[in-house]
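Structure first, commentary second.
No experiment lies behind these values; they were computed from the predicted model shown.
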Protein chains: 2
Amino acid sequence: MAVMARSDQRPVTVHMIAEHVGVSASAVSTVLADRHEERRLAPATVEKIRKAVRDLGYVPNVAARRLRAHDPEVHHIELGILTSFEAPLFLVSRVLRQVQRMADARTGPGRNFSVSIAMFHAGRLREMAGLLNASRFNGVVITNTLPEDDAFLATTTLPYAVVVLGRRLPNYCCVLDTPGESGRRAAEILLGRGCRRPVVLTPALLTQSTAERAEAFCTTVRAQTGTEPARVVAEGFTPTHGADALRAHLGAGRGCDGLYAVTDGLALGAYQAIKDAGRTIPKDIAVVGVGDHEHADFFDPPLTCVGPSNETIVEQIVTQLFDLMNRRRVKPRETFVPPSVAMRASA
Amino acid sequence: MAVMARSDQRPVTVHMIAEHVGVSASAVSTVLADRHEERRLAPATVEKIRKAVRDLGYVPNVAARRLRAHDPEVHHIELGILTSFEAPLFLVSRVLRQVQRMADARTGPGRNFSVSIAMFHAGRLREMAGLLNASRFNGVVITNTLPEDDAFLATTTLPYAVVVLGRRLPNYCCVLDTPGESGRRAAEILLGRGCRRPVVLTPALLTQSTAERAEAFCTTVRAQTGTEPARVVAEGFTPTHGADALRAHLGAGRGCDGLYAVTDGLALGAYQAIKDAGRTIPKDIAVVGVGDHEHADFFDPPLTCVGPSNETIVEQIVTQLFDLMNRRRVKPRETFVPPSVAMRASA
DNA sequence: GCTTGAAACTAAATCGATTTAGTAATTTTG
DNA sequence: CAAAATTACTAAATCGATTTAGTTTCAAGC
């Protein structure tokens, strides 16, 4: 009769299977590795063991296997990119590729890297298994955290190489873009081409970055023209939300001859609303985005972007991560990366 | 004097540090965990150990830590999504999110899942550490493989739960879209709106999917009209490549009133070429894509797509993965997911 | 002078799986 | 019929780090 594994029981081990069947752990291990032929276990025993494995719902402990299986001559180093489950993988995948490249360059006969992306639920980074006891990674890049996560990180110095992307935490190495600078440059671009009624398009829920961009944009416009730019608030951050919000603004007849969208998703939606309203980009309305979309270059017309220089950011992150792992530098420090400007047809 | 770690030496262990300093491994471990205060090690000893740790370039063995650190009451299950380094993460991230959702639903006090993305270099899946000896994952989804990888997989049945996405391998559970079906439907859509000179846009380097799409498209057109559609071949698969290729075709005055792009990246480029040539979509040239781009919906005009139904595919993958892990079904099987059609303004 | 306490450590068990070296029982071979 | 070979297993070591339960040495207290 099948004894079903219950989730509230101790995990089933090889030893437990062995006891259940009445053989030694070695016999069970042999069957699990499908080496019963060469080690000539009796077919009947093999069947009994197989049945027990199934009935008890055995799931191997990979940590134990790994410890045993690895070649003691090679150094196995685990790197992780930790990002929130809810965030997009665009920048993350660039970081991963760059980390992998650097890891590959340092990989040799005695040294082996594994790089992986692990996700946590926004605000619940602290629950990630193995984070605190350093039993999962030798080094990590952490990004897309929420304030709860930052608070957790601020109170616990993780005892291994950590680089934080996009947040300022005094006890870690942080790499940051400069959204304020981006907002300022965006304003200068729009004002420079003669816009009189600039508008800033933001999602309702602002992140630290989007808030700073919008803020600096408004400050700069106010400083140069004496008037506050209009703020159009989208419900969310998808193109649909952006389109709806701007449509409402334009539909109400409120002026707009220049638009700064604090994310490209919103810019994409804005394009639609502008075209639907019969206006042209950039003649009637110039648009500036931030360059967080893979194909900003292929918007119609191509989107002018002022935003984080991902190339530089990724480079910084990865250099610092490897420096930390080599203990070449231990003191936490903040690195600010200035925005890059890509002038294209939209402004 | 600092003894530098050399990469061709054995990895440094806690034990080696202990010997080097002349203390026990416990003392070293205590210092590594920063618990020397409560265990009252002499400050001088702590310093000596710290120095040795730095000088020898110690890197902890995470597998060993994990084995020791984990709570024996909880089951820790590792799931991986293995994808080629070179491939985009669009579908992969959807798989990850869905796996995470199912894992979360099954997570309880005695059961804990970690889901991560691990990358291999295209064609070198076999070199991935821990793949063969099952020491890294309890279950994996493998995707974006090259023929070399498939050949490797075909000859070695991995001894744990594996679902392969997008490839047919007789010894594994495979979930497949039906690119041939997509190509056929794309042809029907274009012919259905009266196109007389359909064109198919492909990259020079065809994958199995893109080849099948193009092939079925051509076959269907030939069957219904008696003539072969023109094939426009782009150098690569980026929008730029697509734009260049189509520009050349249109520039040469060769006819085109309907376009099937076998990837959305190419379609995006095609849009540009079509507009540059002063033609309109869909009036002059109707365009059908495959829906592998995040924002096909926000192309201008929105792109009509016939392609894999990602929702269904991801659902299938994840159900099968969990079934395999629960040993509810062990026999490999192929699951074909028919394409979904999203009629939008471009065709 | 003997106990008590603290300081500064160490030995050995432990985590779970694998593998090597071996053993006992039976069968084959010269 | 004894020696060799085969069958069908098991005991114990191992992987690397952590932790518990000591042990030793020295100083202070009565």
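Residue contacts for A:Ser29: at a heavy-atom cut-off of 4.0 Å it reaches a base atom on one of the strands shown. Residue contacts shown for A:Val28 are absent, as no nucleic acid heavy atom lies under 4.0 Å away. Among the protein residues, B:Thr45 comes within range of the sugar-phosphate backbone only, with heavy atoms under 4.0 Å from sugar or phosphate atoms but none that close to a base.
A residue-by-residue look at A:Ala33 and B:Thr30 shows that B:Thr30 has its nearest nucleotide of DNA chain C further toward the 5' end. Both B:Ala64 and B:Arg35 lie close to DNA chain D; mapped to their nearest nucleotides by heavy-atom distance, the more 5′-ward contact belongs to B:Ala64. With DNA chain C read from its 5' end, the first of the two nearest nucleotides for A:Ala25 and B:Ala25 is the one closest to B:Ala25.
In the set D:dC9, C:dG16, C:dT10, the nucleotide with an atom closest to the side chain of B:Pro72 is C:dG16. In the set D:dT20, D:dT18, C:dG16, the nucleotide with an atom closest to the side chain of B:Arg68 is D:dT18. For A:Arg65, the listed nucleotide lying nearest its side chain is C:dT18; candidates were D:dA8, D:dC15, C:dT18. For B:Thr13, the side-chain atoms get nearest to D:dG16 when compared with the rest of D:dC9, D:dG16, C:dC9.
One N or O donor and one acceptor, one from the side chain of B:Ser26 and one from the base of C:dA11, sit under 3.5 Å apart. Contact of A:Arg40 with D:dT7 (side chain to base): no donor-acceptor pair of N or O atoms is detected under 3.5 Å.
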Extract all donor-acceptor atom pairs below 3.5 Å that involve side chains of residues 36-49 of chain A and protein atoms in other chains or at least two apart in sequence.
residue: A:Glu38; atom: OE1; partner: A:Arg35; partner atom: NH2; Å: 3.1
residue: A:Glu38; atom: OE2; partner: A:Arg35; partner atom: NE; Å: 3.2
residue: A:Arg39; atom: NH1; partner: A:Thr30; partner atom: OG1; Å: 3.0

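Taking CD of B:Glu315 as the reference point, atom CD1 of B:Ile317 lies at 10.5 Å (rounded to 0.5 Å). To the nearest 0.5 angstrom, B:Leu165 atom CG is 11.0 Å from B:Gln320 atom CD.
Remark: P of C:dG16 and OH of A:Tyr58 are 10 Å apart, rounded to the nearest angstrom. Residue A:Ile49 contributes atom CD1, which lies 10 Å from atom C1' of D:dC9 at whole-angstrom precision. Atom CZ of B:Arg39 and atom P of D:dA21 are 12 Å apart (whole Å). The distance between atom CZ of A:Arg10 and atom P of C:dT14, rounded to the nearest whole Å, is 12 Å. Distance A:Met16 CE to C:dA17 C1': 14 Å, rounded to the nearest Å. As a whole-Å value, the separation of A:Leu67 CG from C:dT14 C1' is 12 Å. Computed from coordinates, the A:Glu73 CD to D:dT14 C1' distance equals 15 Å when rounded to whole Å. Rounded to an integer number of Å, the gap from NE2 of B:His15 to C1' of C:dT10 is 13 Å.
A heavy-atom distance below 4.5 Å is not found between the side chains of A:Arg111 and A:Val74.
Looking at residues two or more places apart in sequence or on another chain, you find no side chain to side chain donor-acceptor pair (under 3.5 Å) involving B:Asn112.
Defining each end axis of the helix from C:dG1-D:dC30 to C:dG30-D:dC1 as the rotation carrying four pairs' C1' atoms onto the next four, with five pairs an end, the two axes are found to diverge by 70° to 10 degrees.
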Legend entry - Derivation of the side-chain hydrogen bond (donor to acceptor under 3.5 Å, both in side chains) call for A:His20 and A:Asp55: CA-CA 11 Å; A:His20 186 260; A:Asp55 290 351; over 6 Å; no

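For A:His76, no side-chain nitrogen or oxygen approaches OP1 or OP2 of D:dG16 to under 4.0 Å.
Geometric assessment of A:Arg106 against the ring of A:Phe113 yields a negative cation-pi assignment under the 6.0 Å and 45° thresholds.
Side-chain atoms of B:Asn326 never come within 3.5 Å of backbone atoms of B:Asp323 as a donor-acceptor pair (strictly under, hydrogens ignored).
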